[in-house]
Amino acid sequence: MRAIGKLCLLVLPCAGGSAGAEERHWSVSPYLWAAGIDGAVYTGSLTADYSADFGDIVNVLEGGILVGLESRSGRNALFADVVSLALDDDEARGPFGEQFAADVDVLVMQAGYGRSMSEGFRLEGGARYWDLEVRLDSAAVGPVDRSADWVDGFVGLMVENPLGDRWSFRFRGNVGAGSSDLALEVAAEFARRFANGNALTLGFRGLDLDRSKGGSRPLDLDVRFAGLTIGYTFNW
């Protein structure tokens with residue numbers, strides 16, 4: 001809840017600036033992300049080279065929450081997104097083939113403000129909050145627990161084009177940094193609108209994170225999440 005409060009403090013000033021006489025529109029988009037994971041986690045005493053496609057992740061997924069939110073008024077928009085995943089893998093492998101158990105809890109929340117510069121083109125900026133808890137347990141080293149949370153800023157753009165009466169295409173990309181060395185995100189989706197104003201979405205999303213901060217209890221990461229998305233957007 002403290003993390004949500006941090007993001008609200010970042011977004012509320014934008015909300016006040018964007019309020020006006022124009023009608024405000026809202027959307028909520030729960031979705032599934034068939035993300036594969038590829039990369040490495042460094043805890044100082046253990047290095048975990050991890051690669052898993054979505055089929056592997058389904059076997060070790062303990063729970064997850066994925067939802068996007070957006071509020072629009074005229075040329076102004078506020079948006080937020082929450083990804084929460086809990087993974088428990090008893091057969092993870094290290095860089096030399098050694099087996100270990102890995103418990104990983106990932107929370108990624110982002111919130112931002114967008115300003116439409118022309119029809120279908122929007123500049124965006126905001127903040128992304130990361131919270132990771134990692135436990136690696138090997139026969140050679142024993143259990144290693146690490147956790148870290150931090151906030152990055154990001155800037156990007158969103159492009160949206162209609163494809164006939166019922167279909168549209170949206171692309172979003174941004175680059176972030178701060179406590180991370182670099183974070184990149186791209187997302188593309190097709191939306192099929194229905195008569196009630198809601199929409200079914202199909203697309204792709206990728207998120208790349210590089211963080212090397214060291215310290216007395218290092219948790220360094222070089223990981224990529226990428227895969228197909230499917231969701232349903234409620235508009236009002």
### Task
Please assess Tyr31 against Arg205 for the test side-chain hydrogen bond (donor to acceptor under 3.5 Å, both in side chains), listing each intermediate value before the final yes or no.
CA-CA 12 Å; Tyr31 63 95; Arg205 184 179 184 185; 2.6 Å; yes
Distance check, rounded to the nearest 0.5 Å: [X] atom [atom1] versus [Y] atom [atom2]?
| X | Y | atom1 | atom2 | result |
| --- | --- | --- | --- | --- |
| Leu123 | Met117 | CG | CE | 5.0 Å |
| Glu160 | Ser116 | CD | OG | 9.5 Å |
| Ser29 | Asp81 | OG | CG | 9.0 Å |
| Leu66 | Ser84 | CG | OG | 8.0 Å |
| Leu163 | Asn161 | CG | CG | 7.0 Å |
| Trp150 | Tyr129 | CH2 | OH | 9.5 Å |

### Task
Mind running side-chain hydrogen bond (donor to acceptor under 3.5 Å, both in side chains) on Ser180 and Asp152 for me, showing each step along the way?
CA-CA 7 Å; Ser180 300; Asp152 294 328; 2.5 Å; yes
Where do [X] and [Y] come nearest, in terms of heavy atoms and distance?
| X | Y | result |
| --- | --- | --- |
| Arg122 | Ala77 | NH1-CB, 3.3 Å |
| Trp130 | Ala183 | CZ2-CB, 4.4 Å |
| Arg211 | Ala148 | NH1-CB, 4.2 Å |
| Ser27 | Arg72 | OG-NH1, 3.7 Å |
| Ala191 | Thr201 | CB-CG2, 3.9 Å |

Any idea how [X] and [Y] line up, ring-wise: parallel (<30°), tilted (30 to 60°), or perpendicular (>60°)?
| X | Y | answer |
| --- | --- | --- |
| Trp236 | Trp26 | parallel |
| Phe169 | Phe190 | tilted |
| Phe194 | Tyr232 | parallel |

Taking C-beta and beyond as the side chain, do [X] and [Y] meet within less than 4.5 Å on heavy atoms?
| X | Y | value |
| --- | --- | --- |
| Leu78 | Glu70 | no |
| Val28 | Val67 | yes |
| Val151 | Ser179 | no |
| Thr233 | Asn235 | yes |
| Arg128 | Val108 | yes |
| Thr229 | Phe204 | no |
| Arg170 | Met158 | yes |
| Leu107 | Val82 | yes |

#### Entry: Enclosure of Asp165 CG (heavy-atom neighbours >12, cutoff 6.0 Å)
no
### Message
Before you tell me yes or no, could you show the steps for Arg172 and Glu185 under salt bridge (charged side-chain N to carboxylate O under 4.0 Å, His left out), namely the whole-Å CA-CA distance, both residues' side-chain angles and the distance that decides it to 0.1 Å?
### Response
CA-CA 8 Å; Arg172 171 175 278 151; Glu185 181 183 28; over 6 Å; no
### Task
Measure from NZ or CZ of Arg193 to the centre of the six-membered ring of Trp167, then state whether that distance is under 6.0 Å and the direction lies within 45° of the axis.
no
#### Entry: Arg24/Ser71 under side-chain hydrogen bond (donor to acceptor under 3.5 Å, both in side chains): CA gap, chis, key distance, verdict
CA-CA 7 Å; Arg24 182 164 294 277; Ser71 173; 2.6 Å; yes
### Query
If Ile, Leu, Val, Met, Phe, Trp and Tyr residues are connected whenever their side-chain heavy atoms lie under 4.5 Å apart, and connections chain through other members, are Phe225 and Val186 in the same group?
no
### Task
Answer with yes or no whether the hydrophobic clustering places Met109 together with Leu32; edges join I, L, V, M, F, W, Y residues whose side-chain heavy atoms lie under 4.5 Å apart.
yes
### Members besides Val175 in its Ile/Leu/Val/Met/Phe/Trp/Tyr cluster (side-chain heavy atoms under 4.5 Å)
Val155, Leu182, Leu184
### Query
Should Phe171 and Leu157 be marked as a side chain to side chain contact (heavy atoms under 4.5 Å, CB included) after you check the CA-CA gap, both sets of side-chain angles, and the distance that decides it?
CA-CA 8 Å; Phe171 171 84; Leu157 58 85; 4.2 Å; yes
### Pair Arg224 + Asp210, salt bridge at N-O below 4.0 Å
no
